[in-house]
Protein chains: 2
Amino acid sequence: MFNQFRNKFPFTDEKWNEYINCFNRIEVPAKTVLLEEGEISKKLFIIEKGCIRVWFNNNGKDLTSQFFFENQSVASIESFMKQFPSPVVVETIEPSVLWWISKKDVDKILEEIKEIPELRDRLINMLFQRTFDYMKHFFSFIKDSPTQRYLDLIKEKPQIVQRVPQHYIASYLGVSTVHLSRIKSKLVNKKD
Amino acid sequence: MFNQFRNKFPFTDEKWNEYINCFNRIEVPAKTVLLEEGEISKKLFIIEKGCIRVWFNNNGKDLTSQFFFENQSVASIESFMKQFPSPVVVETIEPSVLWWISKKDVDKILEEIKEIPELRDRLINMLFQRTFDYMKHFFSFIKDSPTQRYLDLIKEKPQIVQRVPQHYIASYLGVSTVHLSRIKSKLVNKKD
DNA sequence: CTTATTTGATAACAAATGTTATCGTCTACC
DNA sequence: GGTAGACGATAACATTTGTTATCAAATAAG
């Protein structure tokens with residue numbers, strides 16, 4: 001699982017192994033809640049196999065804000081970083097194989113590597129990039145119609161359209177499942 | 001104009017005056033465009049008197065993303081910081097008295113004060129805060145109805161409701177002017 | 001293999017929102 | 001003081017989207 005990243009980090013083999021050993025492998029079924037709303041996040045997950053969604057409760061309906069797939073790391077960033085109660089739920093969609101690392105170990109590693117400016121910059125960049133992605137998603141709610149958002153999703157994140165059940169996609173696009181069905185059927189008819 | 005901030009900065013009088021002298025006072029009528037869409041931002045503005053909106057063109061209709069009032073600083077942050085073409089237009093709403101400072105002078109000052117960690121942190125915090133505000137605004141588009149957004153606006157930013165023409169508020173809330181009128185009239189009737 | 005659950009499509013109706021047009025008021029400017 | 005333009009309210013109608021209900025297909029669990 002981790003060997004593929006080995007050459008990206010300037011650590012001694014000893015350090016590398018020490019860090020790898022902080023991770024714990026688990027297998028969970030579909031629809032496993034990894035972090036409840038209101039809970040304080042203590043674990044960061046990396047996906048070996050499977051798929052996770054992050055959502056929050058909005059007047060009884062769930063609104064999906066992000067999807068994650070293989071090799072991505074997942075947490076309620078605000079809750080994990082600042083140890084606030086999480087505003088979101090983290091939940092598997094498919095049966096998944098995950099590796100988790102505790103907040104304590106992450107802090108320890110971050111402390112140890114903070115002298116390596118190359119890594120620090122990469123980390124800050126990662127956080128920024130995620131923030132930008134988030135912004136872009138929100139932005140599209142204001143700018144684009146649901147139909148346009150769906151077309152963009154097909155183009156830019158085909159994995160989501162292919163692997164995720166449609167009602168989660170509807171909740172990600174901010175429309176009802178019925179309306180997403182309508183959108184799809186209109187698109188098909190337009191092509192004819 | 002600047003004396004009110006004097007005690008917030010740990011500079012010698014000499015440095016303070018040098019920095020103050022980087023600012024240029026201008027008076028402009030209402031609806032003056034301070035930064036065009038696509039232009040690279042070279043000036044940061046501080047408002048002594050008046051009111052500014054930042055908006056972008058979305059399929060021919062303008063969509064206001066932010067309002068600024070007295071004592072706030074205004075720029076297309078992305079364009080000013082990274083010298084990209086601006087995605088937004090910066091435009092006065094009322095006749096305004098502004099102070100501007102050039103990108104060059106800002107860079108010079110930032111370079112000089114980067115050794116003062118207190119100031120650096122305050123600056124980073126400011127940027128973060130603005131990003132959070134932005135996020136919060138976007139978020140409300142997904143979570144809340146236009147009516148709810150309008151009620152929140154009255155509560156949290158009464159200045160906007162009081163000073164800004166209604167069609168700009170409609171464009172800020174993401175609804176047509178007609179619909180904002182409807183929302184207002186429904187609210188009035190409900191109170192009776 | 002059988003059954004329960006999940007998923008997705010569709011219809012019928014309701015509610016929200018946009019569009020266009022008209023009118024009245026207010027304000028800036030000559 | 002008169003006039004053009006900006007601003008806001010309202011009506012009538014169109015379009016988009018949500019809601020509820022029903023059915024069919026796919027999938028998972030026993």
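Predicted model only: the values in this text are computed from it and were never measured.
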- Kindly confirm or rule out a cation-pi arrangement of A/K103 over A/F80, judged by NZ or CZ under 6.0 Å from the six-membered ring centre and within 45° of its axis? yes

- Message: Checking salt bridge (Lys or Arg N to Asp or Glu O under 4.0 Å) between B/E94 and each of B/K31, B/R53, B/R163, which is the one that passes?
- Response: B/R163

- Polar side-chain contact A/R182-C/dG8 base: donor and acceptor under 3.5 Å: no

[X] [atom1] to [N] [atom2], straight-line distance once rounded to whole Å:
{"X": "B/K31", "N": "D/dG5", "atom1": "NZ", "atom2": "P", "result": "12 Å"}
{"X": "B/Y150", "N": "C/dT17", "atom1": "OH", "atom2": "P", "result": "15 Å"}
{"X": "A/L63", "N": "D/dG18", "atom1": "CG", "atom2": "P", "result": "11 Å"}
{"X": "B/E91", "N": "D/dA6", "atom1": "CD", "atom2": "P", "result": "12 Å"}
{"X": "B/Q148", "N": "C/dT17", "atom1": "CD", "atom2": "P", "result": "12 Å"}

- Task: Measure the acute angle between the ring planes of A/F11 and A/F9, then classify it against the limits of 30° and 60° as parallel, tilted or perpendicular.
- Result: parallel

- Look at the side chain of B/S176 and the backbone N and O of B/A170, then say whether any donor-acceptor pair between them is shorter than 3.5 Å. no

- In residues 166-180 of chain B, what residues come within less than 4.0 Å of DNA chain C, judged by heavy atoms? B/G174, B/V175, B/S176, B/V178, B/H179

- Query: Using a cut-off of less than 4.0 Å, is there contact between a side-chain N or O of B/K186 and OP1 or OP2 of C/dT17?
  - Reply: no

- Examine D/dA9: is either OP1 or OP2 under 4.0 Å from a nitrogen or oxygen in the side chain of B/K184? Give yes or no. yes

Short N-O contact, [X] and [Y], less than 4.0 angstrom:
{"X": "A/D152", "Y": "A/K143", "value": "no"}
{"X": "A/E18", "Y": "A/K15", "value": "yes"}
{"X": "B/K49", "Y": "B/E70", "value": "yes"}

- Query: Given axes from five pairs at either end, by how many degrees does the helix from C/dC1-D/dG30 to C/dC30-D/dG1 bend, rounded to 10°?
  - Reply: 40°

- Query: Do B/F2 and B/W99 have ring centroids that are under 6.0 Å from one another?
  - Reply: yes

- C/dA9, D/dT10, D/dC7: which one has an atom nearest the side-chain heavy atoms of A/S181? C/dA9

- Message: Between B/S41 and B/S79, is there a side-chain donor-acceptor contact under 3.5 Å, judged purely by atom types and distance?
- Response: no

